[in-house]
Amino acid sequence: MKKTILITALIIASVINLNAQKFDNFFENKSLRMDVYHCGNHESAEYVLHKFIVEKYWAGSKVNLIDEFNYGTNMLKVFDFETNELIYSHGYCTLFQEWQTTDEAKEMNRCYEESVSMPLPKSKAIVEIFVRNNRGEFEKSFSTLFVPDDMFVTTEQKYTFQVYDAMINGDPASKVDVLILPDGYTESEMDKFKQDCDAFVEVLKTFEPFKSHINDFNVRGVLAPSKENGVDVPRKHDWKNTILDCHFDTFRSDRYCTSPSYFAIKDVAANAPYDQIYILVNSTIYGGGGIYNYYSVSTSGNMASAKVIIHEFGHAFAGLADEYFDSEVSYSDYYPFDVEPWEYNITTLVDFDSKWKHQLDKKTPIPTPVEKKYIDKLGVFEGAGYSAKGIYRPSYDCLMHTFRGDVFCGACQDAIVRMIESYR
């Protein structure tokens, strides 16, 4: 038995070493950021390249370079120019893709700032963006050539701010690096922001499975002051001059807080290594937002902030979907009933084998009736993804559904743990 364990350990170590060597062959230990504009309407869209920026930190894994989850509405792929070998990929979602599902997108065109980061290629590389169509399949939407010594590849860093280490557990290459950005905190409120960063760490330590995996995380905050205190609330015609331009009423939903100024977000984030961006808004208004591998937003001064923080982080970090179906949203037919959603914690039963089916008790009926004997069990309960019919969730209640309880269901916890492990 000991010999078998030793052989297995040696094989794993060998694979890790080979993958690390692959990183060194293809990449510098820096980031390449590609800024683009994503423009279009409900039916069509196109990308326009803005610029490439070399940034000094790469926090991502140097071992797991190819996305294993296939999550997100978008997929970034990087190919070595000489060999056409896929050397990096990363799934994500965008604010533009959400806007495309609104009624407004049927009436007008818009452009959104979009930015993707990857390890810095040593040689020429082809950078492509794929977008998921209405059948759930990725289609190529954009392709460009990156040339390392091109005169217009900039190394300019727009902002230089101090960084607050709220919790550091190790090398960024093997940890989940969460970078907290402040919006609506003035220069005199930076100490308050540090306290809110510490409070964020305590939130991670409170909710499972983050609590059990807290040593897998680093948390830093960028001390970036705004000229004014607070946040934009368009419905009240209340506008603030803040560094990240966050606002409520996104897509005319009162509690949805986001920022359209994604380039500014990435400019501030360039001050430290990061895998996940979390924006803390200096406000007591209830609300927030979370977009997979894009950013999370929540307010720091609301009584429900702890659960909002963890809910939004569930979206942005693990790609979890909203499990509620009875709240007002601006989306129209967000999930087609004849396509399996990419998010792990909801299903249309089109391809339930790819979801949490393996976690179910064999005696649990599918779909699962709302009866007392199933309330505390993992099941397949109808109502999720903004629809009362046709879409199913794993449990009667969960932090991705309501804030009545304090736990993620077993399916969501499984998804979160697998995502944490992918960063090692």
Side-chain angles (χ1 to χ4, degrees), residues 35 37-42 45 73 93-115 180-187 189 192-193 196 222 224-269 277-292 294-305 307-309 311-313 315-316 322 324 326-334 386 403:
D35 287 354
Y37 292 101
H38 203 173
C39 303
N41 52 40
H42 176 69
T73 56
C93 293
T94 71
L95 197 58
F96 176 83
Q97 250 83 26
E98 289 191 19
W99 174 78
Q100 275 193 304
T101 68
T102 67
D103 289 338
E104 184 181 81
K106 298 175 183 178
E107 301 170 357
M108 62 183 296
N109 284 27
R110 278 191 183 275
C111 288
Y112 279 77
E113 296 177 357
E114 195 169 309
S115 181
I180 304 177
L181 307 184
D183 200 34
Y185 293 77
T186 61
E187 185 74 54
E189 294 176 300
K192 178 183 184 301
F193 173 63
D196 290 340
V222 179
S226 292
K227 291 184 178 180
E228 291 185 305
N229 169 292
V231 62
D232 295 343
V233 186
R235 67 181 178 274
K236 296 182 179 180
H237 304 285
D238 187 7
W239 302 94
K240 305 291 184 179
N241 186 352
T242 64
I243 193 166
L244 301 181
D245 197 28
C246 286
H247 66 83
F248 280 91
D249 304 308
T250 301
F251 309 146
R252 301 184 183 275
S253 176
D254 289 0
R255 62 186 175 85
Y256 196 11
C257 186
T258 65
S259 169
S261 301
Y262 199 48
F263 297 163
I265 290 170
K266 298 284 274 189
D267 286 338
V268 174
I277 294 173
Y278 205 109
I279 302 170
L280 281 181
V281 174
N282 191 17
S283 172
T284 59
I285 301 172
Y286 172 77
I291 303 172
Y292 178 58
Y294 198 68
Y295 58 60
S296 306
V297 181
S298 63
T299 56
S300 60
N302 184 275
M303 290 180 64
S305 286
K307 291 182 182 180
V308 173
I309 284 171
H311 173 94
E312 302 304 350
F313 195 57
H315 286 309
D322 283 319
Y324 55 78
D326 51 2
S327 296
E328 183 179 345
V329 294
S330 300
Y331 308 127
S332 302
D333 303 323
Y334 197 80
Y386 324 121
F403 293 159

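Each residue takes its place number in the sequence, starting with 1. Values in this document were obtained by computation on a predicted structure and should not be read as measured data.
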Can you find a heavy atom in the side chain of Thr186 that is under 4.5 Å from one in the side chain of Pro225?
no
Output all residues satisfying side chain to side chain contact (heavy atoms under 4.5 Å, CB included) with Ala224, sequence neighbours left out; order by chain, then residue number.
Phe161, Pro182, Val222, Ile243, Val268
The salt bridge (charged side-chain N to carboxylate O under 4.0 Å, His left out) partners of Asp238 (sequence neighbours excluded) come to Lys240
Taking all heavy atoms of Tyr295 and all of Thr258, pick out the closest pair and write down the distance.
OH-CB, 3.4 Å
Return the set of residues passing side chain to side chain contact (heavy atoms under 4.5 Å, CB included) with Asp245 (not counting sequence neighbours), or none when no residue passes.
Asp232, Ser259, Pro260, Ser261
Ser305 to Gly301 - nearest heavy-atom pair and separation
OG-N, 4.0 Å
Mind checking ring-ring contact (aromatic ring centres under 6.0 Å, His included) for Phe248 and listing every partner two or more places apart, or none if nothing turns up?
none
Any cation-pi pair here, Arg255 with Tyr324, using under 6.0 Å and within 45°?
yes
Who are the ring-ring contact (aromatic ring centres under 6.0 Å, His included) partners of Phe263, not counting sequence neighbours?
Tyr37, His50
Residue set satisfying salt bridge (charged side-chain N to carboxylate O under 4.0 Å, His left out) with Asp249, at least two apart, ordered chain then number -> Arg235
Just verifying a value: how many Å separate Asp322 CG and His311 NE2, rounded to the nearest 0.5 Å?
4.0 Å
On the 0 to 90° scale, with breaks at 30° and 60°, tag the Tyr278-Phe313 ring pair as parallel, tilted or perpendicular.
tilted
Who pairs with Thr94 by side-chain hydrogen bond (donor to acceptor under 3.5 Å, both in side chains), at least two apart in sequence or on another chain?
Gln97
Just to verify, what does His247 make a ring-ring contact (aromatic ring centres under 6.0 Å, His included) with, not counting sequence neighbours?
none
Hey, could you give me the CD1/OG1 distance between Ile279 and Thr299, rounded to the nearest 0.5 Å?
12.5 Å
Whether Glu114 side chain and Asp35 backbone form a donor-acceptor pair below 3.5 Å
no
To the nearest 0.5 Å, what is the distance between OG on Ser226 and CG on Leu244?
6.5 Å
For Cys246 and Asp183, the nearest pair of non-hydrogen atoms, with its separation, is N-OD2, 2.9 Å
Cys111 and Cys39 SG atoms under 2.5 angstrom apart
yes
Nearest 0.5 angstrom please: Leu280 CG to Ser298 OG, how far?
5.0 Å
Minimum heavy-atom distance Asn282-Gly184, with the two atoms named
ND2-O, 3.1 Å
Side chains of Tyr292 and Thr73: any donor to acceptor distance under 3.5 Å?
no
Can any side-chain N or O of Asn241 pair as donor or acceptor with the backbone N or O of Lys227 at less than 3.5 Å?
no
Testing Tyr294, Tyr112, Phe96 one by one against Tyr262 for a ring-ring contact (aromatic ring centres under 6.0 Å, His included), which residue passes?
Tyr294
Salt bridge (charged side-chain N to carboxylate O under 4.0 Å, His left out) involving Lys192 - partner list, sequence neighbours excluded:
Asp196
Could I get the full list of side chain to side chain contact (heavy atoms under 4.5 Å, CB included) partners for Glu107, not counting sequence neighbours?
none
Atom pair CG (Leu95) and NE2 (His38), whose distance is rounded to the nearest 0.5 Å:
11.5 Å
Scanning both residues in full, the closest heavy-atom pair of Thr101 with Tyr334 reads OG1-CD1, 3.6 Å
To the nearest 0.5 angstrom, please state how far the OH atom of Tyr286 sits from the CG atom of Asp254.
12.0 Å
Can you sort out the partners of Glu104 under salt bridge (charged side-chain N to carboxylate O under 4.0 Å, His left out), two or more places apart, ordered by chain and number?
Arg110
Is there a donor-acceptor contact under 3.5 Å from the side chain of Thr102 to the main chain of Trp99?
yes
Measuring only between side-chain heavy atoms, which start at C-beta, is Val308 closer than 4.5 Å to Asn302?
no
With sequence neighbours left out, write down each residue that passes side-chain hydrogen bond (donor to acceptor under 3.5 Å, both in side chains) with Ser283, or none if nothing qualifies.
none
Do you know the tightest heavy-atom contact between Val297 and Glu312?
O-CG, 3.7 Å
